[in-house]
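Numbers for residues simply follow the sequence, beginning at 1.
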Amino acid sequence: MSSARSTTTYITAAVMKRMIIAGSQMLEVNKGQVDSLNVFPVPDGDTGTNMSLTLLSAVREVNNVTSTSMADLAEALSKGALRGARGNSGVILSQILKGFANVMATCEEIDTKIFAKGLKTGTELAYSAVSKPKEGTILTVVRGMAEEAVDVSKRVRDIDKFLEKVLAKGEEVLAQTPDMLDVLKKAGVVDSGGFGLITMFKGFISGYRGEEISGAEDYTADSIVANANQSAFPDDDHEALIDYESLGDPDFGYCTEFFIINMKKTTTVTDIDKLRDYLNDIGNSTIVIGDLNLVKVHVHTNNPGNALARALTLGELDKIKIENMMEQNRQLRAKYEAERKPIGLLSVCAGDGFSAIFKDLLVDQVIEGCQTMNPSAEDIASAARKINAENIIILPNNKNIILSAEQSRTLIKNRNIFVLPTKDVPQGVKAVLNYNPDLGLNDNLQNMLDSLNTVTVGQVTYAVRDTKIGKLTIKKGDVIGLEQGSVVENGKNPEEVTTKLLERMTTSDSEVVTLYYGKDVSEEQAEAFAEQLQGKFPDLEILLQYGGQPLYYYVFSVE
């Protein structure tokens, strides 16, 4: 494709669409590098993955826009990013894109001043989405880029030069992030979210210029959409559950089915195609299949008589069935209202063992996923819609999912949504154990929130790179122990590090340790280790549970 570096002072909707797709390509190709910049050397750094999946969702919507309207493109960009927002980085990116889209929707061509205004609005929305914004993060990088954009737009009209200057400023700010956050300096990395933003912006520039992206030769717009349409969080055994937001009055009241037999001699295949087109005009869920020997018809319509009359022009009708979906809907809604609970629970977790625990505790919906694949706001909203309750309490069980859970509230109608800020699965389990269906909403929320302070959590995993944290010198492959999310121990095997963590975390007031073993630890190994711990800590009750969590050998709570 030829370069687009000749002087141009505006961006059309078609070019903007190309830029968004290229940004997604660039981020997808380089997401592993973004992931590797995780501050802690744990194997679940997922900033790049979350940002890429967020943008993939936006591309899915953008790719469906067939008009040349900038407003249509902006709506698709905003809606797709919001629905696909995953993790803190994905939520922040979705807000940046939403603010930008709000501004681009007001015009049919984007010049440098409009682009700068959009970037500034996106920055403001992103900052407002975070309760305690930290400098040295993606927020700082996007703010620096927005401020530069506003300044440069006053004197530069050429889009290519403008984008280059904004990118250069972003890279300059990104290089400074280790000086703003001590944890980045100690880890020897720049902020991963800021790096992801720069990566996306480089894709935007390549898309604007019509340049091919290295490594993305087979990564077309169609494949992006295909990837985005693959749900990372299938409903498993919940597929038959009802989305209770869909129980409004149906658009079409009658499910109409019949066969056409004994075709008239004058009927042609074109007549069958015209029947299909006609039924699409008067209804939906249309199926017209067959040939000149037999045609099967299914359609939802408010005018079943019209459907039958049109079909009669082709031949005879047989096995006619018309069902009143409005009455079915009324019965379903009555059943739904009769069975509605005051409070429902939704939990996010990684590991089939943890999932089974939450289900045994009668949590209404459990979203299963791995540490490197946080659920999107739409994933969470979709699960919440299937809960027949007036109030829904969401347990994110991961600090990187809390923002997505909060974001999901905007996607759920006719329900009161409350996000309990559980940062790990043991906190989530403790909160559910303190839920009492006989109590009201406020009492339950307070009891569950208070319970989070009664449990401390340790996690044992492995290092994915060399680093130095405090007094610890960590080599790639070392087993590392985290106390309340901070790396505090390292060693050569999971049992050694878990024991050191327990020695560090237990006190004379500690009574119970619940040890959850992961999928990479055998049952025999876990049972032998639990017995060993019970002998070493005779005053504690050691409870062993299968968590099945990936990446983490052991997760435990101390109470």
Quick check for you: to the nearest 0.5 Å, what is the distance between [X] atom [atom1] and [Y] atom [atom2]?
{"X": "Leu55", "Y": "Ile21", "atom1": "CG", "atom2": "CD1", "value": "10.0 Å"}
{"X": "Asn374", "Y": "Ser404", "atom1": "CG", "atom2": "OG", "value": "6.5 Å"}
{"X": "Leu345", "Y": "Phe418", "atom1": "CG", "atom2": "CZ", "value": "12.5 Å"}
{"X": "Asn444", "Y": "Tyr435", "atom1": "CG", "atom2": "OH", "value": "5.5 Å"}
{"X": "Thr514", "Y": "Leu543", "atom1": "OG1", "atom2": "CG", "value": "4.5 Å"}

Side chain [X], main chain [Y], donor-acceptor under 3.5 Å:
{"X": "Ser57", "Y": "Gly80", "answer": "yes"}
{"X": "Ser89", "Y": "Gly193", "answer": "no"}
{"X": "Thr507", "Y": "Asp509", "answer": "yes"}
{"X": "Asp35", "Y": "Thr49", "answer": "yes"}
{"X": "Asn284", "Y": "Asn280", "answer": "no"}

Check [X] against [Y] and note the closest heavy-atom contact, atom names and distance.
{"X": "Ser24", "Y": "Leu56", "value": "OG-CD2, 3.7 Å"}
{"X": "Pro421", "Y": "Leu452", "value": "O-CD1, 4.2 Å"}
{"X": "Met448", "Y": "Leu420", "value": "CB-CD2, 3.7 Å"}
{"X": "Ala389", "Y": "Gly344", "value": "CB-N, 3.4 Å"}
{"X": "Ser78", "Y": "Lys98", "value": "OG-CG, 3.4 Å"}
{"X": "Leu125", "Y": "Gln95", "value": "CB-O, 3.8 Å"}

Does the distance from a Lys or Arg side-chain N to an Asp or Glu carboxylate O, for [X] and [Y], drop under 4.0 Å?
{"X": "Lys120", "Y": "Glu124", "value": "yes"}
{"X": "Lys430", "Y": "Glu559", "value": "yes"}
{"X": "Arg385", "Y": "Glu378", "value": "yes"}
{"X": "Arg86", "Y": "Asp379", "value": "yes"}
{"X": "Arg504", "Y": "Glu483", "value": "yes"}
{"X": "Lys341", "Y": "Asp364", "value": "yes"}

Open item on the list: Could you check whether atom OH of Tyr254 has more than 12 heavy atoms from other residues, nucleotides or ligands sitting under 6.0 Å from it?
Closed with: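 Not buried by this count: 12 neighbours or fewer within 6.0 Å.
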TODO: For the pair Asn447 and Asn434, evaluate side-chain hydrogen bond (donor to acceptor under 3.5 Å, both in side chains) and give the outcome as yes or no after the intermediate values.
DONE: CA-CA 6 Å; Asn447 290 343; Asn434 280 268; over 6 Å; no
Name each donor-acceptor pair under 3.5 Å that joins a side chain in residues 134-143 to protein atoms two or more places apart or in another chain, with its distance.
| unit_1 | atom_1 | unit_2 | atom_2 | d |
| --- | --- | --- | --- | --- |
| Glu135 | OE1 | Tyr127 | OH | 3.3 |
| Glu135 | OE1 | Thr140 | OG1 | 2.6 |
| Glu135 | OE1 | Arg143 | NH1 | 3.0 |
| Glu135 | OE2 | Tyr127 | OH | 3.1 |
| Glu135 | OE2 | Arg143 | NH1 | 3.1 |
| Thr137 | OG1 | Lys134 | O | 2.8 |
| Thr137 | OG1 | Leu139 | N | 3.3 |
| Thr140 | OG1 | Gly136 | N | 2.7 |
| Arg143 | NH1 | Tyr127 | OH | 2.6 |

Task: Residues Asn398, Asp424; criterion side chain to side chain contact (heavy atoms under 4.5 Å, CB included); working and verdict - done: CA-CA 5 Å; Asn398 185 315; Asp424 46 60; over 6 Å; no
Open item on the list: Please determine whether side chain to side chain contact (heavy atoms under 4.5 Å, CB included) holds for the pair Thr498 and Leu515, giving the CA-CA distance in whole Å, both sets of side-chain angles, and the decisive distance to 0.1 Å.
Closed with: CA-CA 10 Å; Thr498 304; Leu515 183 68; 4.2 Å; yes
TODO: Identify the residue among Val59, Asn63, Leu97 that makes a side-chain contact (heavy atoms from CB on, under 4.5 Å) with Ile20.
DONE: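 Result: among Val59, Asn63, Leu97, Val59 is the only option passing the side-chain contact (heavy atoms from CB on, under 4.5 Å) with Ile20.
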Open item on the list: Walk me through whether Thr199 and Asn30 qualify under side-chain hydrogen bond (donor to acceptor under 3.5 Å, both in side chains).
Closed with: CA-CA 8 Å; Thr199 301; Asn30 294 284; 5.6 Å; no
- [ ] Applying side-chain hydrogen bond (donor to acceptor under 3.5 Å, both in side chains), run through Asp450 and Gln446 and close with a yes or a no.
- [x] CA-CA 6 Å; Asp450 290 344; Gln446 191 61 56; 2.8 Å; yes
- [ ] Evaluate the criterion side chain to side chain contact (heavy atoms under 4.5 Å, CB included) for residue pair Phe201 and Met145; output intermediate values, then yes/no.
- [x] CA-CA 10 Å; Phe201 202 82; Met145 295 173 73; 3.7 Å; yes
TODO: Show your reasoning for whether side chain to side chain contact (heavy atoms under 4.5 Å, CB included) applies to Ser347 and Asn397.
DONE: CA-CA 7 Å; Ser347 178; Asn397 301 330; 2.9 Å; yes
Open item on the list: Using the ring-ring contact (aromatic ring centres under 6.0 Å, His included) definition, which of the options Tyr517, Phe354, Tyr516 pairs with Tyr546?
Closed with: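 Among the candidates, only Tyr517 passes.
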